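Not measured: the values here are computed from a predicted model. Positions are given from 1 along the sequence.
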Amino acid sequence: MATDLAGIRVDLGGISFNRVDDDGTWWVGENLEGWDGSDVRTQVGAREGDHGSWLGTVYLAERVLTLTGSIGAASPAALDDAVERLLAEVTLTDTTLTVWETVAKQVTVRRSGKPLVQRQGPVDADVSLLMTAGDPRRYAVDAQAGSTPLASTTGGLTVPYTVPYTLAAVTVSGQVDCLNSGSIETRPVLVIDGPVSQPTVLAQMPDGTVIPMIYSQDLGTGDRLLIDIGAKTVTLNGTVSRRRFLALPLGWPTIPPAAVVSFRFTAVTYNADALLTVRWRSAWI
């Protein structure tokens with residue numbers, strides 16, 4: 001049975017550092033360089049005839065991570081197997097790296113340098129892995145989601161009525177409130193399920209600004225439109241691009257750090273089966 005060792009657990013795909021796995025292999029994580037921050041990129045121009053410089057917009061660069069640690073196995077064969085499993089996890093395609101802090105966070109990484117494996121004996125080895133996360137944000141492991149149909153009010157007082165009477169109206173807000181508990185803006189994914197006619201999603205920002213996303217086409221029963229704000233893509237039924245049909249007069253909305261954005265679902269005509277789902281993760285710098 002797997003048991004925890006001292007230190008913060010770090011998962012690289014299916015391998016957990018600072019843990020003894022089910023095979024009795026010790027995975028010790030010694031350092032994760034780069035987890036505390038990434039480089040930045042900006043443009044700096046000298047102020048003519050004055051002290052200092054003009055600073056351009058500052059963006060985070062990719063996050064470069066170096067994971068160092070050691071492996072202790074029960075036998076030479078077990079060590080060989082552990083090394084091969086580790087090399088298979090740090091691949092040329094996307095792998096999730098998770099750090100189990102108080103609030104667990106994760107990044108998506110790829111191998112960006114030669115893995116270093118130095119055997120210290122028949123059953124021990126030191127390892128060093130260089131990886132890069134193209135998106136430098138550290139995202140909460142726990143994803144959040146909320147769904148709403150179109151706004152509506154049903155029931156209530158009808159005429160004629162008799163005394164005494166009660167008001168039993170039911171109101172659906174048509175709104176999903178999204179909290180980003182992190183320290184940098186995050187980009188949600190919106191899913192609209194039909195049938196719905198020319199749906200629009202209005203993002204109300206913390207300062208009261210409303211950013212519309214206006215889709216000019218109808219969705220039939222069973223149709224699903226996915227709007228990925230991070231990737232800036234609009235896809236119908238998982239295969240067909242519909243980006244040209246989405247109007248963004250004020251750009252793509254994001255969820256600022258330590259703030260709530262409310263996404264309101266509207267359409268040309270009401271349909272009780274239409275549904276908006278918003279999925280997001282809090283993000284840290």
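- Looking at Asp21 and Trp27, their side chains do bring a donor and an acceptor atom within 3.5 Å of each other.
- Going from atom CG of Leu190 over to atom SG of Cys178 covers 7.5 Å, rounded to the nearest 0.5 Å.
- Counting only N and O atoms by type, the side chains of Asp23 and Thr25 include no donor and acceptor under 3.5 Å apart.
- Contact annotation: the side chain of Thr254 never approaches that of Val261 to less than 4.5 Å [non-hydrogen atoms, C-beta and beyond].
- Cluster annotation: Val109 is connected to Leu87 through the hydrophobic network of ILVMFWY side chains, with a link wherever side-chain heavy atoms come within less than 4.5 Å.
- Under a cutoff of 6.0 Å and an axis angle of 45°, Arg138 and Trp35 form a cation-pi pair.
- The OH atom of Tyr59 lies 9.5 Å from the CD atom of Gln43; values are rounded to the nearest 0.5 Å.
- Closest non-hydrogen pair, Ser128 versus Thr66, comes out as OG-CG2, 3.7 Å.
- No donor-acceptor contact under 3.5 angstrom links the side chains of Gln144 and Asp142, judged on distance only.
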Does the side-chain contact (heavy atoms from CB on, under 4.5 Å) test come out yes or no for Val234 and Met213, once each step is laid out?
CA-CA 11 Å; Val234 181; Met213 293 175 282; over 6 Å; no
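- In terms of modelled atom types and a separation under 3.5 Å, the side chain of Arg243 and the main chain of Leu246 share a donor-acceptor contact.
- No donor-acceptor distance shorter than 3.5 angstrom exists from the side chain of Ser53 to the backbone of Leu55, with no hydrogens or angles considered.
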Applying side-chain contact (heavy atoms from CB on, under 4.5 Å), run through Arg119 and Leu79 and close with a yes or a no.
CA-CA 9 Å; Arg119 296 177 183 259; Leu79 179 62; 3.3 Å; yes
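- A distance of 9.5 Å separates CD1 of Ile285 from CZ of Arg137, quoted to the nearest 0.5 Å.
- A donor-acceptor contact closer than 3.5 angstrom is absent between the side chains of Asn180 and Thr186.
- Residues Val83 and Val20 do not share a hydrophobic cluster, defined by chaining ILVMFWY side chains whose heavy atoms lie under 4.5 Å apart.
- No side-chain donor-acceptor contact under 3.5 Å links Thr233 and Asp228.
- Remark: the Asp11 side chain and the Ser16 side chain contain an N/O donor-acceptor pair separated by less than 3.5 Å.
- With 3.5 Å as the limit, one finds a donor-acceptor pair spanning the side chains of Asn237 and Asp223.
- At least one side-chain heavy atom of Pro199 sits under 4.5 Å from a side-chain heavy atom of Phe265.
- Under the 6.0 Å distance and 45° angle rule, Arg187 does not count as a cation-pi partner of Trp280.
- The CD atom of Gln204 sits 11.0 Å away from atom CD1 of Ile211, with the distance rounded to the nearest 0.5 Å.
- In this structure, the side chain of Thr42 engages the main chain of Gly56 through a donor-acceptor pair within 3.5 Å.
- Remark: the backbone N or O of Thr108 is not paired with any side-chain donor or acceptor of Asp94 at under 3.5 angstrom.
- Counting heavy atoms from C-beta outward, Val189 and Ile227 have side chains that stay 4.5 Å or more apart.
- Remark: the backbone N or O of Val141 is paired with a side-chain donor or acceptor of Arg281 at under 3.5 angstrom.
- Leu250 and Phe263 fall within the same hydrophobic cluster, where Ile, Leu, Val, Met, Phe, Trp and Tyr residues are linked whenever their side-chain heavy atoms come under 4.5 Å apart, directly or through other members.
- No continuous path of ILVMFWY side-chain contacts below 4.5 Å connects Val201 to Leu179, so the two sit in separate hydrophobic clusters.
- When the side chains of ILVMFWY residues are joined at heavy-atom separations under 4.5 Å, either directly or via intervening members, Trp252 and Val278 end up in a single hydrophobic cluster.
- Side chain of Ser38 to backbone of Arg63: no donor-acceptor contact under 3.5 angstrom is found.
- Closest heavy-atom contact between Arg264 and Ala151: NH2-CB, 3.7 Å.
- Note that CG of Leu219 is 12.0 Å distant from CG of Leu275, once rounded to the nearest 0.5 Å.
- With a 4.5 Å cut-off on side-chain heavy atoms, Leu130 and Val64 count as touching.
- Asp22 places a side-chain N or O within donor-acceptor distance of the main-chain N or O of Ala2, the cut-off being under 3.5 Å.
- Atom CG in Leu5 sits 6.0 Å away from atom CG in Asn18 (nearest 0.5 Å).
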Decide side-chain contact (heavy atoms from CB on, under 4.5 Å) for Tyr139 and Thr96; before the verdict, give the C-alpha distance in whole Å, the side-chain angles of both, and the deciding distance to 0.1 Å.
CA-CA 11 Å; Tyr139 291 98; Thr96 300; over 6 Å; no
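- In terms of heavy atoms, Pro188 sits closest to Pro253 at CD-O, 4.3 Å.
- Under the 3.5 Å distance criterion, the side-chain polar atoms of Arg110 are left unmatched by any main-chain donor or acceptor of Met131.
- At least one side-chain heavy atom of Trp284 sits under 4.5 Å from a side-chain heavy atom of Val103.
- Side-chain contact check for Glu185 versus Ile255: every heavy-atom pair is 4.5 Å or farther apart.
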Let me see the working for Asn31 and Thr68 under side chain to side chain donor-acceptor pair (under 3.5 Å), right down to the final yes or no.
CA-CA 5 Å; Asn31 190 34; Thr68 55; 4.8 Å; no
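- Residue Ser181 comes nearest to Ser282 through the heavy atom pair N-OG, 2.9 Å, listed as atom of the first residue, atom of the second, then distance.
- Under the 4.5 Å side-chain criterion, counting only non-hydrogen atoms from C-beta, Leu67 is in contact with Phe17.
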Between Glu101 and Lys105, is the salt bridge (Lys or Arg N to Asp or Glu O under 4.0 Å) condition met? List the steps.
CA-CA 7 Å; Glu101 302 167 317; Lys105 305 177 185 71; 3.0 Å; yes
From CA spacing to verdict: side chain to side chain donor-acceptor pair (under 3.5 Å), Ser197, Asp218
CA-CA 4 Å; Ser197 179; Asp218 294 344; 3.0 Å; yes
Given the rule in the side-chain contact (heavy atoms from CB on, under 4.5 Å) test, do Leu116 and Asp126 qualify, once you have shown the distances and angles that lead to the verdict?
CA-CA 8 Å; Leu116 301 179; Asp126 292 336; over 6 Å; no
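- Annotation for Glu62: atom CD does not count as buried by contact number, only 12 or fewer foreign heavy atoms lying within 6.0 Å.
- The two residues Pro257 and Ser183 have their closest heavy-atom pair at CB-C, 3.3 Å.
- A 4.5 Å side-chain heavy-atom check between Leu12 and Val90 finds at least one atom pair inside the cut-off.
- If you check the side chains of Gln106 and Trp100, you find no donor sitting under 3.5 Å from an acceptor.
- Heavy-atom contacts from other residues, nucleotides or ligands closer than 6.0 Å to CD of Glu33 number 12 or fewer.
- Closest non-hydrogen pair, Val127 versus Ser70, comes out as CG2-N, 4.3 Å.
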